[in-house]
Amino acid sequence: MPAANPAPVLILGGGLMGLALAHELARRGRAATVLSRRRNEAAGFVAAGMLAPHAEGLAGHLLALGQRSLARIPAWVAQIEADSGLACGLQLCGIVVPFSTSGERDAYPTAAWGQGLDRAGLERQIPGIGPSWQAGLLFPQDGQIDNRRQLMRALERACVGRGVRFEEGCEVLELISSASDSTRPSQRPQLEAVRLRRADGQELNLPCRQAVLACGAWSASLLPELPVAPVKGQMLSLQAPIGALPRVLFGPGTYLVPRGDGLVVVGASSEPEAGFSEGLTPAAQRQLEQGLSSLLPAASGWPPMERWWGFRPCTPDQAPLLGEGPIAGLWLATGHHRNGVLLAAITAELVVGSLLASGGPELEQQLAPFHWGRFKAPSPSPRINPPGASPDRPGSNR
Ligand SMILES: Cc1cc2nc3c(=O)[nH]c(=O)nc-3n(C[C@H](O)[C@H](O)[C@H](O)COP(=O)(O)OP(=O)(O)OC[C@H]3O[C@@H](n4cnc5c(N)ncnc54)[C@H](O)[C@@H]3O)c2cc1C
C-alpha cells in the first residue's frame, strides 16, 4: 500500500519543464519541491513560444508527440489560467511558411498538413511579404503562446497556488545513488539523495527517492551519460502597429511572431558551436536583421525593443529524453531543443503519469521512442547536427 503522505517529488530545475511537471504533480495531489538554480537563465523565458509541429516540419515520433501536445494545449492553458488567475497569451493564429519555389513547398516534410499558397495567396495571408517568396504553406492549426511575459509567470503562480515549494538560488551539485549490484548488472542503482548548495552557500545532502531531472541545456552536468548539449539562440523584438502581421511568419533561419499588443518577437540564431557563451554577437544579430528584411521589408522600420539570448537543450536526434532514466527513482524531462514550449503539456502528462504509475502500458508505449537508452553504446558518441546539414534530422532543416 502506498504511504499516506509520500515525500515530495524533487524537481531539479525550475524552467519551463520543471514548472509544468510541478504543476501537474500538484494538480494530481502529489507534493513537489522545485530546486531552481537561476530562474532567469531558463530557456522558457527566452523562447519565441511558437506551437509549431507542422511549421517546424517535424517528422515521425516527434511530429506525433508535437501533435498530441498541440491538441492538449488549450485545456492545459485553461487549467493554468484558472489556477493562477493570469492569462497565458495563447493564440492559435496559424503559421505561414514561405518558399522560393512551389517545388520546395511541395517537398516540405509536413506539406500534407498545410494549405498550399501561391504568390497571391501568400500576399493575402502576409500583406507586404518580401518579393523573393513565391509559394507558401499555411498551417492554421499551429500557433503561439506568450511564454516570456505570460506563461512562465502564470505557471509559477499556479504552482504556488497548489502548494508547490520553491527553492530559488539552489543548485543541485550531484545525484547520490546506491552502488549498483555487480552480480545484477541490469539492475539500476536507486536514487537516495541529491547534494545541493542553497542560496546562502550552505551545502547538504537532501534525501530523496523520487525526482525529475529538468535542468534543460545543463542536464548533462548532473548525468554525463545524457547526450544533451546547448544550442545558443539569439532573439530580438520590435514594436509593430497592432495587427500589422496577422499570423506567425516562419522563414528559413528567421521567424516573426506577432503578440496581441503589437510586439513582434524575431528569432532565432542556432549556434551549437557557442556552447554556454553568454551575450549577443554582431554576426547573429545581423543575420536576424537580414532575415527580417527579406521576409517582411516594412518590419525593418519598426522600432526595436529588446535583444536577448538563451540555450536550447539539444540531443543528437533533436528529440527529448522522457521517462525513466539510468537511475531508479530519477525520471527525465529534458532535451526538448527548439520545441519545448510546444511539448511542455504532453511532457508533464506523460512523465508525471509514469512517475505516479497511473498510465498503464499505453502511456509507457508513448514514452518508449523518447527513452534515453536510444543513445546508449554502441551508438555513436553525442554529436550535434549543424542546422540544415543532416539527413536524419527530424525537422525542416530551416
Ligand atoms: C532562442 C530560443 C527560441 C526558442 N523558441 C521556441 C519556440 O518558438 N517554440 C518552442 O516550442 N520552443 C522554443 N524554444 C525551446 C524551449 O525554450 C526549450 O525547449 C524549453 O524552454 C526547455 O525547457 P527546460 O525546462 O528543459 O529548460 P529551461 O527552460 O532552460 O530550464 C532549465 C532550468 O534548470 C535550471 N538548472 C540547470 N542546472 C541546474 C542545477 N544543477 N540545479 C538547479 N537548477 C538547475 C536552470 O537554472 C534553468 O532555470 C526556444 C529556445 C530558445 C533558446
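Both counts, for ligands and for their atoms, begin at 1 and track the order of listing.
Contact between Asn339 and ligand 1 is present, with at least one heavy atom of the residue lying under 4.0 Å from the ligand. Contact annotation: Cys170 has at least one heavy atom less than 4.0 Å from an atom of ligand 1. Heavy-atom distances between Phe45 and ligand 1 stay at or above 4.0 Å for every pair. At least one heavy atom of Ala214 sits less than 4.0 Å from an atom of ligand 1. At least one heavy atom of Val46 sits closer than 4.0 Å to an atom of ligand 1.
The closest side-chain donor-acceptor pair between Arg307 and Gln285 falls under 3.5 angstrom. Side chain to side chain, Ser177 and Glu192 fail the donor-acceptor criterion of an N or O pair below 3.5 Å. Defined by atom type and a distance below 3.5 Å, a donor-acceptor pair is missing between the side-chain atoms of Arg153 and Ser84. At a cut-off of 3.5 Å, with distance as the only test, no side-chain donor of Ser100 or Trp133 sits close to an acceptor on the other residue. For the residue pair His336/Thr347, the side-chain donor-acceptor check at 3.5 Å is satisfied. For the residue pair His54 and Gln67, a side-chain donor N or O sits within less than 3.5 Å of a side-chain acceptor on the partner. Side-chain contact annotation: Gln234 with Glu271, donor-acceptor N/O pair under 3.5 Å present.
Taking the six-membered ring wherever Trp is involved, the centroid distance between the rings of Phe276 and Trp218 falls below 6.0 Å.
Looking only at heavy atoms of the protein, atom 33 (C) of ligand 1 is closest to Gly15 N, 3.7 Å. The single protein non-hydrogen atom nearest to atom 15 (C) of ligand 1 is His337 O, 2.9 Å, given as residue, atom name and distance.
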message = Between Leu196 and Glu171, is the side-chain contact (heavy atoms from CB on, under 4.5 Å) condition met? List the steps.
response = CA-CA 6 Å; Leu196 55 85; Glu171 179 165 19; over 6 Å; no
request  = Let me see the working for Phe45 and Asn147 under side-chain contact (heavy atoms from CB on, under 4.5 Å), right down to the final yes or no.
outcome  = CA-CA 6 Å; Phe45 282 111; Asn147 54 293; over 6 Å; no
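Of all atoms in ligand 1, listed by their number and element, those nearer than 4.0 Å to a heavy atom of Tyr255 are 3 (C), 5 (N). Under a 4.0 Å criterion applied to the non-hydrogen atoms of Glu171, ligand 1 contributes the atoms 41 (N), 42 (N).
Here's the thing with Val341: one of its N/O atoms is less than 3.5 angstrom from an N/O atom of ligand 1. Some N or O of Val172 is nearer than 3.5 Å to an N or O of ligand 1, by distance alone. Looking at Leu12 next to ligand 1, no N or O pair under 3.5 Å apart turns up. For the pair Met50 and ligand 1, the shortest N or O to N or O distance falls below 3.5 Å. Between Ala333 and ligand 1, no pair of N/O atoms sits closer than 3.5 Å. Some N or O of Ala48 is nearer than 3.5 Å to an N or O of ligand 1, by distance alone. Here's the thing with Leu342: one of its N/O atoms is less than 3.5 angstrom from an N/O atom of ligand 1. Distances between N or O atoms of Gly49 and those of ligand 1 include at least one value under 3.5 Å. Close N/O approach between Arg37 and ligand 1 is found [any backbone or side-chain N/O within under 3.5 Å]. Not a single N or O atom of Gly310, backbone or side chain, sits closer than 3.5 Å to an N or O atom of ligand 1.
The CH2 atom of Trp309 sits 9.5 Å away from atom OG of Ser277, with the distance rounded to the nearest 0.5 Å.
When the heavy atoms of Cys215, Ala47, Ala42 are ranked by distance to atom 36 (N) of ligand 1, first place goes to Cys215. The residue among Arg39, Glu41, Arg197 with a heavy atom at the shortest distance from atom 46 (C) of ligand 1 is Glu41. Nearest residue to atom 52 (C) of ligand 1 from Gln234, Arg38, His336, Arg312 is Arg312 (criterion: closest heavy atom).
Using a 4.0 Å cut-off between heavy atoms, Arg338 contacts ligand 1 through its backbone alone, with no side-chain atom that close.
A salt bridge links Asp317 to Arg374: one of the charged nitrogens lies within less than 4.0 Å of a carboxylate oxygen. We find that Arg68 and Glu349 are not joined by a salt bridge, their nearest charged nitrogen and carboxylate oxygen being 4.0 Å or further apart.
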